[in-house]
Amino acid sequence: MISALAIMALGAVVLGAALGYASIRFRVEGDPLVEKIEAILPQTQCGQCGYPGCKPYAAAISAGEADINLCPPGGMDGVRKLADLLGREVKPLEAEEKPKQIAIIDEQTCIGCTLCIQACPVDAIVGAAKQMHTIIEPLCTGCELCVKPCPVECISMQPIAENIDNWKWKYPVFEIKRAA
Amino acid sequence: MLAKLFRFKGGVKPQTNKAISVHEPIGRAPLPARLFVPLHQSIGGAPNPLVQAGDSVLKGQLIGAADAWVSAAVHAPTSGRVLAVEEHVAAHPSGLPTLCVVIEPDGRDEWIERRPVDHHSLPPERVRELLRDAGVVGLGGAAFPSHAKLTPARAVAMEHLVINGAECEPFMTCDDMLMRERADEIVRGIAIFRELLSAREVLIGIEDNKQEAIAAMQEAVLRLAPDYRVVAVPTRYPAGGAKQLIRVLTGKEVPASRRSTELGVQCFNVATVYTAYRALACGEPVLSRIVTLTGNVERPRNWEVWLGTPMREVVALARPRADSSSFLMGGPMMGFEIPDLDAPVVKATNCIIAASPALFPPPPPEMPCIRCGACAEACPHELQPFELYWFARARNFGKTQEYYIFDCIECGCCSYVCPSHIPLVQYFRFAKSEIWAREREKQAADAAKERFELRNARAEREQAEKAERLARAASAKASEKRAPPDPGNKPAPESAPAVDQPPAAAGEVAMTAGDAEAIRKAAIAAAIERARSQRESAQPRNTDRLSAGQQREIAAVEARRAARSTAATAAASGTAAATDSGGAAVPPAGSRRDD
Ligand code: SF4
Ligand code: SF4
Ligand code: SF4
Ligand code: SF4
């Protein structure tokens, strides 16, 4: 009886030590949940969620401070994925969903003030003081942050047109006959 | 001929309907009034236009150069004048436009100087380059640049070169007629490919419903290269799929994730081989292709059509019957409905079928899947189409990938057999293009995240540097106060970015951060005011008062930009556009602010 207890106690101590060691040795750096949430967010870095970028918003969601329906660029799709990941209810988006856009600088009007360069979170604008500026289209995330700072209002947002390269097959729509 | 043949799983036997279009020999289609030659005709990069409106071109002249290794050149099909380089509706299910070179033929059909080469005397890399520059692509319908398939794998010796003359798609007879009429050139072309790949054995697979083609090829092989084997393969759709034909002829199963070269086989279409031979031995790039015109028409026949000919004019040659309701490009199994007959014939246009309600009755309404499994039995890739369908329909794309949706070749066998008339392939196409789009978005998001983080790191570094500078300047000023003021003694203004220090503040190094901010704001306000008044007085133009040279340069830039506006896909091209339009004086943002 005593020996049985001793064996069980010894087992508990050994396993406890192993677990304790493992938790230190294999500690996960960073917060995996924040990373998972961030992977779902669109990385537009626009701040429309009320946080200064996608990562802070991800951190806020993971801490339970923010709701999952605050990111307009992510759209309903994003909300659904977040709900899936976090096991929360799907909610309608706080703002309306917009088609994906990119910014265009009217290069004739640009005065070369460099203010838009400073606003762009992803360095998608090239230019220099008193030189015409332009936007590198493939890098622009469409966050609209450069629109307001422009003193001569030469930046406009334009929806990305459908072309052969981004065209998608449509969801097949057919009449489904009621089974008799 | 007694070789052991293998079987591929699944497949169907639709009515072939091939006999109607083989009565007449291949005809030569007349030159149209205008040719619309799309620059992007093959898988891979979009060639850049080399001509502009007003240029005159000769037949065979390069008008679009390959811009990457997987890309193929485009040539003028006849001599004439370039009317424009503009967007024109493409031979694509979307009916969206693509960049085309519009040529008005002058009727002289005058060749550029043709340079036949002897491929034996050239290194293999050079031959591959020549093929790329002659625009040789897979003419079976996929339009994959052929030279990119002609590099043997290093680790595995090339065992079999499979030449695909199976042409399993119903209605289509263009390869059949080509083999009947031009077998010698095909066999000579095979010799070139065989040498490039150093393949041990050549197998020419032809479905056994094309006896004339088999006879013609056998005769040519006997005369020119007796060690090639012409093999009649059983007629069963899709025997002409590359993987299926490889399986039937060699018994090798090519896994989805690997290329066939890794297993020591490679497969080419007969028409591709033929054009490769013409390109090297005659110096003639790919300017035309053979198109089957069939279906609900008075005169079904094969025509050799100039690339860029509007389909409307091609279709007219066959005299479609009055009740033709639509036209299909490609076969009835894998083809698509042509949204606009103004679209030009391209390298991938192997067949145009006039459809009528009698010929292709509209599909009965879709019924629920009864899980009969017929689709899985018919699938040549041993997929489970009903599972794929279920997940594609529910937009559960992760699951479709788990069920190997990208192994699906969209052959249509599953839709063909489905008793519930479910258009399965349409669901698969939908799912695939959604997955691709998401993949693109994901990549863009990752890139944006990286750039955002780099930018933040840079901003932090700059802030730290600036604080340090200010501290240093403040202490310098404090010590200066005691010494007599001497402007020459002042520390030189830091080479800070212009944006951080407006001109007014540039000299004042001891400015506190708050003052700098105020002055900067004032300067900006002044600039805004100036700009506004300028704008009001006249539309400000930074292109006023230009020298003739600058104007020319700008015109060239604009032309380039217009040409490129369609190809805003690659980041590289975007960067180039930015530097182009900015002129030489604009460094990239990063380097500007790091100096
Ligand atoms: S709204 Fe969305 S895209 Fe914009 S910063 Fe917030 S999480 Fe990122
Ligand atoms: S260019 Fe403008 S819209 Fe585009 S990413 Fe930069 S700030 Fe956002
Ligand atoms: S053939 Fe059609 S009904 Fe039968 S299992 Fe496949 S999808 Fe379902
Ligand atoms: S279309 Fe795809 S799933 Fe259907 S039979 Fe063909 S390969 Fe299989």
Side-chain angles (χ1 to χ4, degrees), chain A residues 38-45 53-55 77 100 102 107-115 117-118 120-141 143 151-154 160-172 174-177 179, chain B residues 40 90 92-94 96-98 365-368 395 423 426-427 429-430 432-434 436-437 440-441 444-449 451-452 454-455 498-499 524 527-528 531-532 535 539-543 566 568-571 573-575 577-579 581-583 585-590 592-593:
Chain A
E38 206 192 350
I40 293 176
L41 296 177
Q43 304 299 331
T44 309
Q45 315 292 2
C54 301
K55 192 162 199 161
D77 247 10
K100 210 166 150 19
I102 51 168
E107 285 154 5
Q108 310 289 8
T109 318
C110 171
I111 54 168
C113 67
T114 74
L115 289 174
I117 291 190
Q118 295 162 60
C120 178
V122 292
D123 283 338
I125 306 181
V126 280
K130 300 198 179 142
Q131 303 279 348
M132 179 190 69
H133 287 43
T134 194
I135 288 170
I136 308 172
E137 283 172 32
L139 299 185
C140 173
T141 64
C143 69
V152 287
E153 289 168 21
C154 69
I160 297 176
E162 190 173 51
N163 60 32
I164 289 212
D165 295 307
N166 66 15
W167 178 81
K168 293 191 277 187
W169 286 94
K170 302 291 172 284
Y171 189 78
F174 292 92
E175 178 198 0
I176 296 183
K177 209 172 174 179
Chain B
H40 194 182
H92 188 266
S94 66
L96 288 166
T98 181
E366 177 181 336
M367 304 256 282
R395 294 184 164 85
Q426 295 191 31
Y427 283 99
R429 284 176 172 164
F430 156 75
K432 282 184 189 177
S433 64
E434 279 299 323
W436 280 322
R440 278 198 301 271
E441 265 170 35
D446 288 345
K449 183 175 163 203
R451 294 178 71 81
F452 180 61
L454 282 175
R455 181 179 190 276
V499 288
I524 291 170
I528 294 174
R532 183 157 299 144
R535 198 141 96 135
Q539 181 68 1
R541 301 241 145 209
N542 55 12
T543 47
T566 43
T569 44
S573 81
T575 320
T579 29
S581 41
V586 184
R592 187 193 62 77
R593 290 203 271 157

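Hydrogens, waters and symmetry mates are skipped; everything else that's a heavy atom, side chains included, is used.
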Taking A:Trp167's backbone N and O only, do any of them form a donor-acceptor pair with B:Ser94's side chain (distance below 3.5 Å, no angle check)?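 No; judged by distance alone, with no hydrogens or angles, the pair does not exist.
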Least distance between heavy atoms, [X] atom then [Y] atom:
X	Y	answer
B:Ala445	A:Pro42	CB-O, 3.5 Å
B:Ala448	A:Val122	O-CG1, 3.5 Å
B:Thr98	A:Ile164	CB-CD1, 4.2 Å
A:Gly53	B:Phe452	CA-CZ, 4.5 Å
B:Ala437	A:Lys168	CB-CD, 3.6 Å

Would B:Arg395 and A:Tyr171 count as a side-chain contact (heavy atoms from CB on, under 4.5 Å) if you check the C-alpha gap in whole Å, the side-chain angles of each, and the deciding distance to 0.1 Å? CA-CA 9 Å; B:Arg395 294 184 164 85; A:Tyr171 189 78; 3.7 Å; yes
Determine, stepwise, if the pair B:Asp446 / A:Gln43 fulfils side-chain contact (heavy atoms from CB on, under 4.5 Å). CA-CA 7 Å; B:Asp446 288 345; A:Gln43 304 299 331; 5.5 Å; no
Please name all residues satisfying side-chain hydrogen bond (donor to acceptor under 3.5 Å, both in side chains) with A:Glu38, sequence neighbours left out, ordered by chain then number.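 Per chain and number, A:Glu38 pairs via side-chain hydrogen bond (donor to acceptor under 3.5 Å, both in side chains) with no residue.
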Does the side chain of A:Leu41 reach to within under 4.5 Å of the side chain of B:Lys449, using non-hydrogen atoms?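 Sidechains of B:Lys449 and A:Leu41: no contact.
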Are any of the side-chain nitrogens in B:Arg451 or A:Asp123 under 4.0 Å away from the carboxylate oxygens of its partner?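 Here B:Arg451 does not pair with A:Asp123 in a salt bridge, since their nearest N and O are not under 4.0 Å apart.
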Set of residues satisfying salt bridge (charged side-chain N to carboxylate O under 4.0 Å, His left out) with respect to B:Arg429, sequence neighbours excluded: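 Expected list: B:Glu410.
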With a 4.5 angstrom heavy-atom cut-off, could you sort out which part of A:Ala39 is near chain B: side chain, backbone, both or neither?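 Looking at A:Ala39, backbone and side chain both touch chain B.
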